[in-house]
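Okay, structure first, notes after.
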Amino acid sequence: MRESLRVLMIEDLEDDVVLVARALRASGFDPDIERIDTAEAMTSALGDPGWDIIIADYSLPRFSGLAALQLYQDSGIDIPFIIVSGNIGEEVAVQAMRAGAHDYVMKNNLPRLGAAVRRELHEAKVRQARREAEEENVKLYEETRRQASRLAALLEIGSDISATLDLPTVLERIATHARTLLNADDSDVYLLDPDGSTLRAIVSQGDFAEQTRAAPLQLGEGIVGSVAQSGVPEVIHDAGQDPRGVQVPGTPLESHALMCAPLVSRGQLMGVMALNRRGARGGFEQADLDFLITLARQAAVAIENARMYAAEKQRAKELRRALDQQRELDRLKDAFIQNVSHELRTPVTIIYGYADLFARGELGELRADQQQPMAIIARRAAVLSDMVSDLTIILQAQMREFRGSEVDLGQMVHIALGDFELAREEAGLTLTANVEQDLPVLTGDPDHLHRMLDNLVDNAIKFTPSGGSVEVRVGRDGDRLVLEVVDTGIGIPADQLDRVFERFYQVDGSTTRRYGGTGLGLALVWEIVLAHGGTVKLESKVDEGSTFRVILPVNG
Ligand code: ADP
């Protein structure tokens, strides 16, 4: 099979064309030669892109090979150009090559022509391939540059929209960035209502912003609604022609390009971003859509963050309100307890006093069947009286109403332990005091501090089985006194260590019922110590024992 070859030949002699054709055929070509011999013909022939090769006679009567070369150069096309000449000297040949010819062949050496053509065709192909590669490189470079600048823009946008947590500002910024970077006329951000079916343009920028904002869409309605429903981003080249319609009353149905991407966060549809280009701005490309999709992803996260922040803010507000309410309730409760304790104090003391006198027979001998009930009345009245006075002290301590005088804590411990001698004996325990020498006196309320100590020792004895021990230590730590009440009793479970200081809290109803008590003792200890500027720490292990450590500043 011969290789077809379209040849433009600049030649005045038809005979030479025949010779050239023969030479080419001899080299395996099937030449189709068009002969021209004027500049005009050359100019019009160059308009035809189909030539494989130009072969030009160097010297023609009306036209020359050099002039043809000039025209060829001006045209910018790149096909092999070979000079054929009857009598071309070395100098002329060099001149022709300089002027842009690819080769030259002597007319008396035409058998060389075929090989020259073949080589030049190959060279031209190589040049073409190189050009294409270069073009491809330029395109790639441009694309990379565009991607890089979009990436930079995305980073900037990312930090810009996450710099605020105010939802309207976030949305406004997203719309502005999308509009600027994607060179759009209108930029809308639709959000899905909590009803899950209505899309509202919360932000709309452009000439038709008002109409767009005023016209909510249903899911599936118009192009925007359909993108929201399908979740698939779309570029629409001519929205005016789209069968789904644009569906925003008041906006012209003229031809315009539209691009939409859904806003999705954690698989949940939140809304849609829509961008329009009107008039002769040109449509959106896939790269634009890719960019919008990335932007939409960032936007969805920013919206989600802003919403979470708003919800948290609302929650914090509600919590603050609830806390205020709780504080007010606490205040009312304390006022109520204070009033009640105040009112109960005198009658309870009187009842207890008389009951005690009766029970001890000091108001006359009771009948045998009256003695036990009266003893119960006296005992219960004593508990009630303690409770009322504990409550009163707790509230006084809370309000920092106490006397400040000098207290010798070591001496107070010795006296208290003496008071507990009977209880200790009944309980079958050892009770020891371990008081450091030369302790400083502290400033505080002696009645309250005594009460605090009584409660700790009373508990230690109460909750320690017979055979055990209770030790009360007083020492010094800098300008603080440390009082420890250590027992080898039943202990307190780790999860209740904090709770025992609450008012009326007792570890276990049934156990404490066995041990008696009101659940006010440790609350009282806590408030008294706090009122003296100190702290209480509790370490305890079930079945091993408890240590209550009270730390009091000397000049509390
Ligand atoms: P109560 O009047 O019941 O003693 P408190 O407020 O003094 O009330 O103590 C609260 C609860 O803490 C007690 O009911 C008891 O369950 C627990 N508790 C207090 N001190 C001790 C202790 N030394 N050992 C074991 N449990 C204790």
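It should be emphasised that the depicted structure is a prediction, and the values quoted were computed from it without experimental measurement. Whatever order the structure lists them in is the order used to number ligands and atoms, beginning at 1.
No side-chain donor-acceptor contact under 3.5 Å links Gln205 and Asp188.
Counting heavy atoms from C-beta on, the side chains of Arg173 and Thr164 come closer than 4.5 Å. For the pair Leu366 and Gln371, the minimum side-chain heavy-atom distance is below 4.5 Å. Counting heavy atoms from C-beta outward, Glu421 and Leu417 have side chains that stay 4.5 Å or more apart.
Under a 4.0 Å criterion applied to the non-hydrogen atoms of Gly519, ligand 1 contributes the atoms 1 (P), 2 (O), 3 (O), 6 (O), 8 (O). Set against the non-hydrogen atoms of Val500, the atoms of ligand 1 under 4.0 Å away are 10 (C), 12 (O). Atom numbering of ligand 1 starts at 1 in the shown order; those under 4.0 Å from a heavy atom of Ile492 are 18 (N), 25 (C), 26 (N), 27 (C). Interface atoms of ligand 1 facing Leu522, defined by a heavy-atom separation under 4.0 Å, are 5 (P), 6 (O), 7 (O), 9 (O), 12 (O), 19 (C). Those atoms of ligand 1 that come under 4.0 Å of a heavy atom in Ser546, given as number and element, are 24 (N). Atom numbering of ligand 1 starts at 1 in the shown order; those under 4.0 Å from a heavy atom of Phe548 are 20 (N), 23 (N).
Checked for salt-bridge contact, Arg331 and Asp334 miss the test: no charged N lies under 4.0 Å from a carboxylate O.
Residue contacts with ligand 1 for Tyr505 involve N, CA, C or O but no side-chain atom from C-beta outward (heavy atoms, distance under 4.0 Å). The residue Asn455 has no part lying near ligand 1, judged by heavy-atom distances below 4.0 Å.
Screening Asn434, Thr547, Thr488, Thr430 for a side chain to side chain donor-acceptor pair (under 3.5 Å) with Glu471, the sole residue that qualifies is Asn434.
Taking a 4.0 Å cut-off on heavy atoms, Lys462 registers as neighbouring ligand 1. By the 4.0 Å heavy-atom criterion, Gly491 is counted among the residues contacting ligand 1.
Phe548 and Phe501 have perpendicular rings, their planes meeting at more than 60° on a 0 to 90° scale where under 30° would count as parallel.
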